Colleague: 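Please see the structure below; I have some questions.
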Amino acid sequence: MRHWLLKSEPSTFSFEDLKSSPKRRTPWDGVRNYQARNFIRDGMAKGDLAFFYHSSCPEPGIAGIVRIVSAAYPDDTAFDPRSKHFDLASDPKSPRWYMVDVAYERALKKPITLRELKKYEDDSLAGLALLRRGNRLSVMPVSTAEWKFILSLET
DNA sequence: GCCAACGTTGGC
DNA sequence: GCCAACGTTGGC
């Protein structure tokens, strides 16, 4: 099983929003970056776990854990002219963008802030994509070692 | 294929 | 609100 980190702006869709969604699940739509698309389409599998990260907010950090509960499938918001994520170049016969469904797994005992993660950017989390300078990916892999280390910060 | 212009992201 | 970093676009 692989591990991931998914970013979302809580003012748009927060971890709490996911918890109160029907069946506590949602399609992770609107990803419009090729590298992120490739992680979703080619890397994710049903059953994988991901950190739910809150960005662009007063205290950026990991709020909880979600599970990938579907295989990747075409992001149909790209085909909808009324959608904010509409992309004229995505042809239903050859979809450009993909998404998965994610489900609420559990909250963390306490949120793990970006500030805290940065304390380890020179050792245990030196390879964490989130901490790479200038990183703007909204979907990125987390190694098993990084995953375990971050969870150890929970208590 | 190069690269300037532009738009977006996201921490601060 | 600022600005650095980065991806995308489009003229050439």
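Treat the numbers as computed from the prediction; the structure is a model and nothing was measured.
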Colleague: Backbone N or O of A:Glu16 within a donor-acceptor pair of the A:Ser20 side chain at under 3.5 Å?
Modeller: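 The answer is yes, because a donor-acceptor pair under 3.5 Å joins these two groups.
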Colleague: Do A:Trp97 and A:Phe79 have ring centres separated by under 6.0 Å?
Modeller: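 No: the rings miss the under 6.0 Å criterion.
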Colleague: For A:Glu105, check side-chain hydrogen bond (donor to acceptor under 3.5 Å, both in side chains) against everything at least two apart and list the hits.
Modeller: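 Listed in chain order: A:Arg67.
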Colleague: Just jot down the side-chain hydrogen bond (donor to acceptor under 3.5 Å, both in side chains) partners of A:Asn135, sequence neighbours excluded, or say none.
Modeller: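 side-chain hydrogen bond (donor to acceptor under 3.5 Å, both in side chains) list for A:Asn135, sorted by chain: empty.
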Colleague: Which two nucleotides bound the region of DNA chain C that has atoms under 4.0 Å from heavy atoms of chain A, read 5' to 3'?
Modeller: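 The contacted stretch runs from C:dA5 to C:dT8.
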Colleague: With sequence neighbours left out, write down each residue that passes side-chain hydrogen bond (donor to acceptor under 3.5 Å, both in side chains) with A:Arg133, or none if nothing qualifies.
Modeller: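 Partners of A:Arg133 by the side-chain hydrogen bond (donor to acceptor under 3.5 Å, both in side chains) criterion come out as none, since no residue qualifies.
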Colleague: Taking side chain to side chain contact (heavy atoms under 4.5 Å, CB included) as the definition, give me every residue that meets it alongside A:Ser143, ordered by chain and number, with sequence neighbours left out.
Modeller: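 Side chain to side chain contact (heavy atoms under 4.5 Å, CB included) list for A:Ser143, sorted by chain: A:Ala145, A:Glu146.
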Colleague: Restricting to non-hydrogen atoms, name the atom on A:Leu130 and the atom on A:Met140 that form the minimum distance, rounded to 0.1 Å.
Modeller: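 Looking at all heavy atoms of both residues, the closest pair is N-SD, 3.3 Å.
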Colleague: Identify, residue by residue, the members of residues 93-102 of chain A with a heavy atom below 4.0 Å from DNA chain B, and return them in order of residue number, or none.
Modeller: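 Nucleic-acid contacts, sorted: none.
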Colleague: Show which side-chain atoms of residues 53-61 of chain A pair as donor or acceptor with protein atoms under 3.5 Å away, not counting sequence neighbours.
Modeller:
from, atom 1, to, atom 2, distance (Å)
A:His54, NE2, A:Phe15, N, 3.0
A:Glu59, OE2, A:Arg115, NH2, 3.4

Colleague: Does any donor atom in the side chain of A:Thr77 or A:Arg82 lie under 3.5 Å from an acceptor atom in the other side chain?
Modeller: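 No.
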Colleague: Please give me every residue in residues 132-139 of chain A whose heavy atoms get under 4.0 Å of an atom in DNA chain C, ordered by residue number.
Modeller: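 Correct list: A:Arg133, A:Gly134, A:Arg136.
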Colleague: Among residues at least two apart in sequence or on other chains, which ones pass side chain to side chain contact (heavy atoms under 4.5 Å, CB included) with A:Lys118?
Modeller: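 Partners of A:Lys118 by the side chain to side chain contact (heavy atoms under 4.5 Å, CB included) criterion, ordered by chain and then number, come out as A:Leu114, A:Glu121, A:Leu131.
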Colleague: Counting only non-hydrogen atoms, which of residues 54-62 of chain A are less than 4.0 Å from DNA chain B?
Modeller: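 Residues of residues 54-62 of chain A under 4.0 Å from DNA chain B: A:Ser55, A:Ser56, A:Pro60.
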Colleague: My understanding is that only residues two or more places apart in sequence, or in another chain, count here; which of them pass side chain to side chain contact (heavy atoms under 4.5 Å, CB included) with A:Asp17?
Modeller: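 Residues passing side chain to side chain contact (heavy atoms under 4.5 Å, CB included) with A:Asp17: A:Phe13, A:Ser14.
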Colleague: Could you pull out all residues at least two apart from A:Asp101 that satisfy side-chain hydrogen bond (donor to acceptor under 3.5 Å, both in side chains)?
Modeller: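 A:Asp101 satisfies side-chain hydrogen bond (donor to acceptor under 3.5 Å, both in side chains) with A:Arg25, A:Tyr73 once adjacent residues are dropped.
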